[in-house]
Amino acid sequence: MLLEKGGREDVGGNAAFSGGLFLFRYDGPEDLMSITKDVEPGLEHDRIEAPPYTAEAYTAELMAMSGGRADPALVGALAQRSLDTVRWLAARGVRFVFNRTLGAQMRDGVLHVPPGQVLTCAGAGMSRGFAVIEPLLRHAERIGVEIRWSTPLAGLVRDGGRVTGAVTGAGVVPGAVMVATGGFQASPQLRLRHLGPDWASARLRGTRLATGDGITAAIQAGATPAGDWSRCHSAAVDPSMPSPGSSAAPPPFPLPGFWLGVLVNTGGERLGGRSVRHSTGT
């Protein structure tokens, strides 16, 4: 059973607004071709050259991005199982393509693929995450997953040292619980507490429903906080675009090249505002 805070139009949370890029380990072209043979226009090829992107390289990249703060065991497990995970997604209807914007180049009939982010899910525009969510929703319904829409999590039931149920507005759903939601970017109060005063009025670029309910319920049930809660993924966005009202709606686009200059308002004053899509912390 899946308890979903929003309605069907909200399925997928922040993943629905992602760019659809997938970082995973692979040993060469054979691994990539086991996932997809599709390419975007202009990348038709006779053969592929793709240097390996090993689990060790993946782990090193994530550890460097986190400044050494990430849990090496968790990062290693993610990297090691990433190829099988992307294959699992493809087998359940998620369509991947080789994408030019990730650095793939055609030379003399050979598609040269740089190591790392080489595939993206098929779709239009900068936000392709919904193209991942749709086939996964169809798969869940096909195998009989019961989805209770518009059912926010109010808390967890604890019996001794074990969690034995989830509390909703309609009562308690008994059984083992997996908290599959994270992030608190839609909560001004939690952004203020963990990220600082400049983040209280940040413009939302992702789902409006991620207000930290799962994190709060888990901690109240005895979970121990971990990770770095003072950092997040953020981007400058077009302020004229509204925040998305559903998972299929496009989010405000990041402003290309904003780091190459200075942003000012209509009065000529330099801007210090930020946009936030999702926060860390589990």
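Since the model is a prediction, treat every value here as computed from it, not as a measurement. The figures that follow rest on heavy atoms only: side chains count, while hydrogens, waters and symmetry mates do not.
- Side-chain contact between Thr211 and Gln189 is absent, with no heavy-atom pair separated by less than 4.5 Å.
- No more than 12 heavy atoms of other residues, nucleotides or ligands sit less than 6.0 Å from atom CE of Met178.
- Note: the hydrophobic cluster containing Leu62 also contains Val86 (ILVMFWY, side chain heavy atoms under 4.5 Å, direct or indirect links).
- Between the Arg270 side chain and the Val264 main chain, no donor and acceptor come within less than 3.5 Å of each other.
- Between Leu136 and Leu89, the closest side-chain pair of non-hydrogen atoms falls below 4.5 Å.
- Checked by atom type and distance alone, the side chain of Arg25 pairs as donor or acceptor with a backbone atom of Gln80 at under 3.5 Å.
- The aromatic rings of Phe184 and His194 lie tilted to each other, with the angle between the two planes from 30° to 60°.
- Tracing side-chain contacts under 4.5 Å through hydrophobic residues (I, L, V, M, F, W, Y), one never reaches Leu209 starting from Leu153; they form parts of separate clusters.
- Taking the side chain as every heavy atom from C-beta outward, Trp229 and Leu190 never approach each other to under 4.5 Å.
- Annotation: side chain of Glu146 is not in contact with side chain of Leu2 (no heavy-atom distance under 4.5 Å).
- A salt bridge links Glu141 with Arg8: at least one charged nitrogen is closer than 4.0 Å to a carboxylate oxygen.
- Within the 4.5 Å cutoff, no side-chain heavy atoms of Leu78 are placed close to those of Phe24.
- Residues Gln220 and Leu156 form no side-chain contact, since every pair of their non-hydrogen atoms from C-beta on lies 4.5 Å or further apart.
- Heavy-atom neighbours of Met65 CE from other residues, nucleotides or ligands within 6.0 Å: at or below the threshold of 12.
- Rounded to the nearest 0.5 Å, atoms CZ (Arg87) and OG (Ser82) are 10.0 Å apart.
- Taking the side chain as every heavy atom from C-beta outward, Arg128 and Thr120 approach each other to under 4.5 Å.
- Under a hydrophobic-cluster definition in which Ile, Leu, Val, Met, Phe, Trp and Tyr are linked whenever side-chain heavy atoms come within less than 4.5 Å, directly or via other members, Ile147 and Val177 are assigned to different clusters.
- For the pair Tyr58 (side chain) and Tyr53 (backbone), a donor-acceptor distance under 3.5 Å is absent.
- The residues Arg162 and Asp159 are annotated as not salt-bridged, no charged nitrogen and carboxylate oxygen being separated by less than 4.0 angstrom.
- Ion pair Asp84/Arg81 not flagged as a salt bridge, since none of the NZ, NE, NH1 or NH2 atoms sits closer than 4.0 Å to an Asp/Glu carboxylate oxygen.
- Here Glu9 contributes atom CD and Trp149 contributes atom CH2; the two are 8.5 Å apart, rounded to the nearest 0.5 Å.
- Checking side-chain atoms of Thr216 against main-chain N and O of Asp213 turns up no donor-acceptor pair under 3.5 Å.
- Side chain of Arg191 to backbone of Trp199: a donor-acceptor contact under 3.5 angstrom is found.
- Clustering ILVMFWY residues whenever any of their side-chain heavy atoms sit less than 4.5 angstrom apart, transitively, puts Leu137 in the very cluster that holds Val145.
- Hydrophobic clustering, with ILVMFWY side chains joined whenever heavy atoms are under 4.5 angstrom apart, groups Met33 together with Val94.
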Set out, in order, the CA-CA distance, both residues' side-chain angles and the distance that settles salt bridge (charged side-chain N to carboxylate O under 4.0 Å, His left out) for Asp10 and Lys5, then state yes or no.
CA-CA 8 Å; Asp10 300 307; Lys5 181 178 182 179; over 6 Å; no

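- A centroid separation of less than 6.0 Å is found between the aromatic rings of Phe22 and Phe96.
- Here the closest non-hydrogen pair linking Ala122 and Val97 is CB-CG1, 4.1 Å.
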